[in-house]
Protein chains: 2
Amino acid sequence: MEYINKYVEENKDRFLEELFGLIRIPSISSIAAHKPDMYKAAGYWKKTLLEAGADKAEVFETAGNPVTYGEKIIDPALPTVLVYGHMDVMPVDPIDLWDTPPFEPQVRDGKIYARGADDDKGQGMMHAKAFELMVKTNTLPCNVKFMIEGEEEIGSPNLGKWCEQNKEMLKADIILVSDTSMLGADIPSITTGLRGLSYWQVEVTGPNRDLHSGIFGGAVANPINVLCSMIDQMVDADGKVTIPGFYDTVQEVSAEERALLGKAPFNEEKYKKALGVDELKGEKGFSTSEHTGIRPSFDVCGIWGGYTGEGAKTVLPSKAFAKISSRLVPDQDHEKIAVLFKDHFESIAPKSVKVEVTYLHGGPAYVCPIDIPAYQAAEKAYTDTFGNRPVPVRSGGSIPIISTFEKVLGIKTVLMGFGLESDAIHSPNENYPLEQFYKGIKTIPLFYKYFAEMSK
Amino acid sequence: MEYINKYVEENKDRFLEELFGLIRIPSISSIAAHKPDMYKAAGYWKKTLLEAGADKAEVFETAGNPVTYGEKIIDPALPTVLVYGHMDVMPVDPIDLWDTPPFEPQVRDGKIYARGADDDKGQGMMHAKAFELMVKTNTLPCNVKFMIEGEEEIGSPNLGKWCEQNKEMLKADIILVSDTSMLGADIPSITTGLRGLSYWQVEVTGPNRDLHSGIFGGAVANPINVLCSMIDQMVDADGKVTIPGFYDTVQEVSAEERALLGKAPFNEEKYKKALGVDELKGEKGFSTSEHTGIRPSFDVCGIWGGYTGEGAKTVLPSKAFAKISSRLVPDQDHEKIAVLFKDHFESIAPKSVKVEVTYLHGGPAYVCPIDIPAYQAAEKAYTDTFGNRPVPVRSGGSIPIISTFEKVLGIKTVLMGFGLESDAIHSPNENYPLEQFYKGIKTIPLFYKYFAEMSK
């Protein structure tokens, strides 16, 4: 497609500069002090959509962070694509592990380094620029709507309600999202499954104040020791989560489908080497890609308590804390799992401590059928750009709002991700290869073209 | 003793003001940034000793923090008392739990509130003021030497060597220390045993960077989960430490001595209530005072890893850390225990992680015989001031340097502590009752008197 390559080639530096402008806004949704940045990012998105050719664009208030909505309706008889993305990013700590400041984007070795370079500012901006390309080259074959939210990284607590309130405005034939990864730069893939999530904070309280570990040590339960023991009890030696009822609604994937999923290329030695580990660890009876694709997980995301400063302080602390998350698979209900965990965790607490469990957020898993026109249009678009037919994969990540879209709006989602595993999203030195950014911008107009043709 | 009461009464406000001056210096030895404060505190002690009547006083350099030494030799034929104390204090975090700033001493309800109010600025200052009293009232019956160090709270890493280098100067008949507690304000007691200590930092590394817990969760070992499991394995269901060889050199206390120690008044309900716990937890087969007095312990003093900020960040972290300590009893060798722990902890690490154990510091336990003149002089002094004969007790705390004194200088130590359990040493809102402070100043001259008499 000559016109696509030409437009991207002529505008590539500007595209990058526009992405950098968005990245420079430190829109961390989980830290309240960054609230003003969420509004800056929402305004930036509004401007971007209007300049790209939207008929209108608007920043909507919610009970939490704002949503930017924009649209271009060229003909009500044509199919409508609703693009979803998020303007918020993850926190940046541990900040000292970043080679360059997270909100000062830099290109090194053909990659953009910055928080949000991939997730989801880089991938989101591809849609704005592909939209611009279609408008400016008079090739837009569908109506387009954009919905860019500011709370994805904290579980989209307000977007479901906002969708309900704006159902009519959001009417569309398909939702298009780029917020996932491909198997490799030369192995295109489309994510057809997403895990759900439950996320808790737990607080274990022992004595009513920090104690001298000499005077009391050995006689009084230490809340850190107790928390460690309780966490250790949550997963058994076979890697199974021990919460009663946890697996009751897990969809057992058929041997046939497991064989199909097993065809996605995977090199365990390379995988271990890339992570720097000598051995992997997962639920007995399942492969590594099954561990992340079709099985739930149980991870402590953070832990703290007692003295964590320099040197040695002998203390028997009063409290210990952990942030704990579980990735869920169809048909686990995150709210039911939230309660099962709380009940179980409290039940295993010894009498020597008090335990408080707070459910922070969660969402259900999602599965996308591969026989719908939108999936097939995406498949063709990738094949054109990458030279290979994309593989359908079940991803371990969660975008809880995707299930909500189906429930509230009745619309399926196609996950056209262009990220790579090496992008280090959520980690220090997050990055996004320039090639993926530009290939994404080139692939998206092809999706619109094929989707419009197939929808005729 | 009228002259004692009179002198204290006439000078009590000045005594307090002089203590406050010392407290206001934030001499936290475990934090390198406070190094200049250590020199301020050392200079303050020098001035205090000279003003109290020392012939000379000097600040000595060591490889670490300084030591203040002062002396008054009235007659080489008389017995010599060497007073030991420390000018350094513990860190103050969690700072938000303090009702008033830790280095701005305040008197409320008859108690001095400040870091170091008891440990060991308050208790140390009592000796300076008791010394002053004896000098000014011409009642000093012994030669006196003071050795005030700046590294007690970090395990006195340089004092042993300094003692070796100054053996001649430090020659004495007994070492006198106030850095322990009494059973209660109306139950005088003298600590005859101190536990030893081993203190480690451990680092567990999983993947070489923080990972997205969705994309990798379930397939890659989480270092926090692993650390929790490893810590949980260190103590069994009976409260016994599982390190092979850990108990091999533990002195089993005879049934007779256990019965004697059991006579110290102890009210479990009151103890639990004061700590705010519903149940105690300790090694099976031993009582609460035995847990802290004659048995070793295993406590995590601090733990951290992953995301510990506000809200929810889903991450599978690269690293998890803990600070771990064990209180030791006679005849456990802290250096041998250090190695046993390291070997065992490393041996239980799964191949999916890498473990690094660093030994931070430690020291052996100490036992003071109750049939030496110095102990008996202390017993008489307390009886005079408090009206009851003091009970000998084994304390759970550690003053590792005490064993070193015996080894290097060949001198026994008597632990004349005046602290109370409610003083919250090492904790927020550390305090020291004015009454204990003044009673200590009155008791110490009586010790000198009886000790001089008994040594004739």
Side-chain angles (χ1 to χ4, degrees), chain A residues 30-31 90-91 154 195 199 207-210 212-215 217-219 221-222 224-225 228-229 231-232 275-282 288 291-292 295 297 299-316 323 325 327 351-352 360-361 396-398 425-427, chain B residues 30-31 90-91 154 195 199 207-210 212-215 217-222 224-225 228-229 231-232 275-282 288 291-292 295 297 299-316 325 327 351-352 360-361 396-398 425-427:
Chain A
S30 66
I31 298 176
M90 281 301 228
I154 53 169
R195 289 198 286 186
Y199 197 113
N208 51 16
R209 62 180 193 279
D210 285 2
H212 189 292
S213 71
I215 298 181
N222 179 320
I224 303 181
N225 291 57
C228 287
S229 172
I231 287 171
D232 188 36
L275 298 174
V277 298
D278 293 334
E279 203 169 87
L280 298 173
K281 193 176 178 182
T288 296
H291 288 147
T292 60
R295 302 299 295 175
S297 69
D299 275 294
V300 182
C301 295
I303 194 165
W304 70 103
Y307 183 67
T308 59
E310 191 189 343
K313 183 186 171 187
T314 50
V315 63
L316 196 168
K323 291 181 192 272
S325 81
R327 297 284 167 167
K351 275 190 196 158
S352 52
L360 293 187
H361 76 88
S398 307
I425 65 168
H426 293 202
S427 299
Chain B
S30 67
I31 298 177
M90 281 301 231
I154 54 169
R195 287 199 287 186
Y199 197 112
N208 51 17
R209 63 180 192 279
D210 284 2
H212 188 292
S213 72
I215 298 181
V220 178
N222 180 320
I224 303 181
N225 292 58
C228 287
S229 171
I231 288 171
D232 188 35
L275 298 175
V277 297
D278 293 335
E279 203 170 271
L280 298 173
K281 192 176 177 182
T288 295
H291 288 146
T292 60
R295 300 300 293 175
S297 68
D299 274 295
V300 182
C301 295
I303 194 166
W304 70 103
Y307 184 68
T308 59
E310 190 188 345
K313 183 187 171 186
T314 50
V315 63
L316 195 167
S325 81
R327 297 285 167 167
K351 277 190 194 158
S352 51
L360 293 187
H361 76 88
S398 307
I425 66 167
H426 293 202
S427 299

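Order of the sequence lines fixes the chain letters, A, B, ..., with proteins taken first and strands second; residue numbering starts at 1 for each chain.
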Undergrad: Please flag which part of B/T314 lies under 4.5 Å from any non-hydrogen atom of chain A: side chain, backbone, both or neither.
TA: both

Undergrad: Identify which part of A/Y199 has an atom lying under 4.5 Å from any heavy atom of chain B, answering side chain, backbone, both or neither.
TA: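 Contact with chain B: side chain only.
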
Undergrad: If you count heavy-atom pairs within less than 4.5 Å of chain B, which of A/L275, A/T292, A/L280 leads?
TA: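 The residue among A/L275, A/T292, A/L280 with the greatest pair count is A/L275.
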
Undergrad: Given the options B/G276, B/C228, B/G306, which has more heavy-atom pairs under 4.5 Å with chain A than any of the others?
TA: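 Maximum pair count with chain A is reached by B/C228.
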
Undergrad: Give, as side chain, backbone, both or neither, the part of A/S213 having an atom under 4.5 angstrom from any heavy atom of chain B.
TA: both

Undergrad: If you count heavy-atom pairs within less than 4.5 Å of chain B, which of A/M90, A/H426, A/R209 leads?
TA: A/H426

Undergrad: What is the distance from atom CH2 of B/W304 to atom CD1 of A/I224, rounded to the nearest 0.5 Å?
TA: 10.0 Å

Undergrad: Identify which part of B/L316 has an atom lying under 4.5 Å from any heavy atom of chain A, answering side chain, backbone, both or neither.
TA: side chain

Undergrad: Would you mind telling me which of A/H291, A/H361, A/K281 has the largest number of heavy-atom pairs within less than 4.5 Å of chain B?
TA: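 Ranked by heavy-atom pairs under 4.5 Å with chain B, first place is A/K281.
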
Undergrad: Hey, which of B/G217, B/C301, B/G305 has the most heavy atom pairs under 4.5 Å with chain A?
TA: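 Of the candidates given, the most pairs with chain A belong to B/C301.
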
Undergrad: Using a 4.5 angstrom heavy-atom cutoff, name the option from B/S427, B/G309, B/S325 with the most pairs to chain A.
TA: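 The residue among B/S427, B/G309, B/S325 with the greatest pair count is B/S427.
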
Undergrad: Can you name the side chain to side chain donor-acceptor pair (under 3.5 Å) partners of B/K313, sequence neighbours left out?
TA: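 Residues passing side chain to side chain donor-acceptor pair (under 3.5 Å) with B/K313: none at all.
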
Undergrad: Which atoms of B/R295 are under 4.5 Å from chain A, going by heavy atoms: the side chain, the backbone, both sets, or neither?
TA: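 Neither part, no heavy atoms under 4.5 Å.
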
Undergrad: Determine whether A/H212 and B/I425 satisfy the following criterion, side chain to side chain contact (heavy atoms under 4.5 Å, CB included), listing intermediate values before the conclusion.
TA: CA-CA 7 Å; A/H212 189 292; B/I425 66 167; 3.6 Å; yes

Undergrad: Quick check for you: among B/D278, B/D299, B/D210, which has the greatest number of heavy-atom pairs under 4.5 Å with chain A?
TA: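 Answer, by heavy-atom pair count under 4.5 Å with chain A: B/D299.
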
Undergrad: Output the option from B/I231, B/T308, B/I31 having the highest count of non-hydrogen pairs under 4.5 Å with chain A.
TA: B/T308

Undergrad: What is the minimum heavy-atom distance between A/V300 and B/N225, and which atoms define it?
TA: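 Taking every non-hydrogen atom into account, N-OD1, 3.0 Å.
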
Undergrad: I'd like to verify something: which residue of A/A221, A/A312, A/G311, A/S30 has the highest number of heavy-atom pairs under 4.5 Å with chain B?
TA: A/A312

Undergrad: Which one wins on heavy-atom pair count under 4.5 Å against chain B: A/G218, A/G282, A/P207?
TA: A/G218

Undergrad: Which region of A/K351, side chain (C-beta onward) or backbone (N, CA, C, O), has a non-hydrogen atom less than 4.5 Å from a non-hydrogen atom of chain B, or is it both or neither?
TA: both

Undergrad: Any donor and acceptor pair, going by atom type alone, linking the side chain of B/R195 with main-chain N or O of A/G214 inside 3.5 Å?
TA: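 A pair under 3.5 Å: yes.
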
Undergrad: For A/L360, is it the side chain, the backbone, both or neither that has a heavy atom under 4.5 Å from a heavy atom of chain B?
TA: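 Side chain of A/L360 only, per the 4.5 Å heavy-atom cut-off to chain B.
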
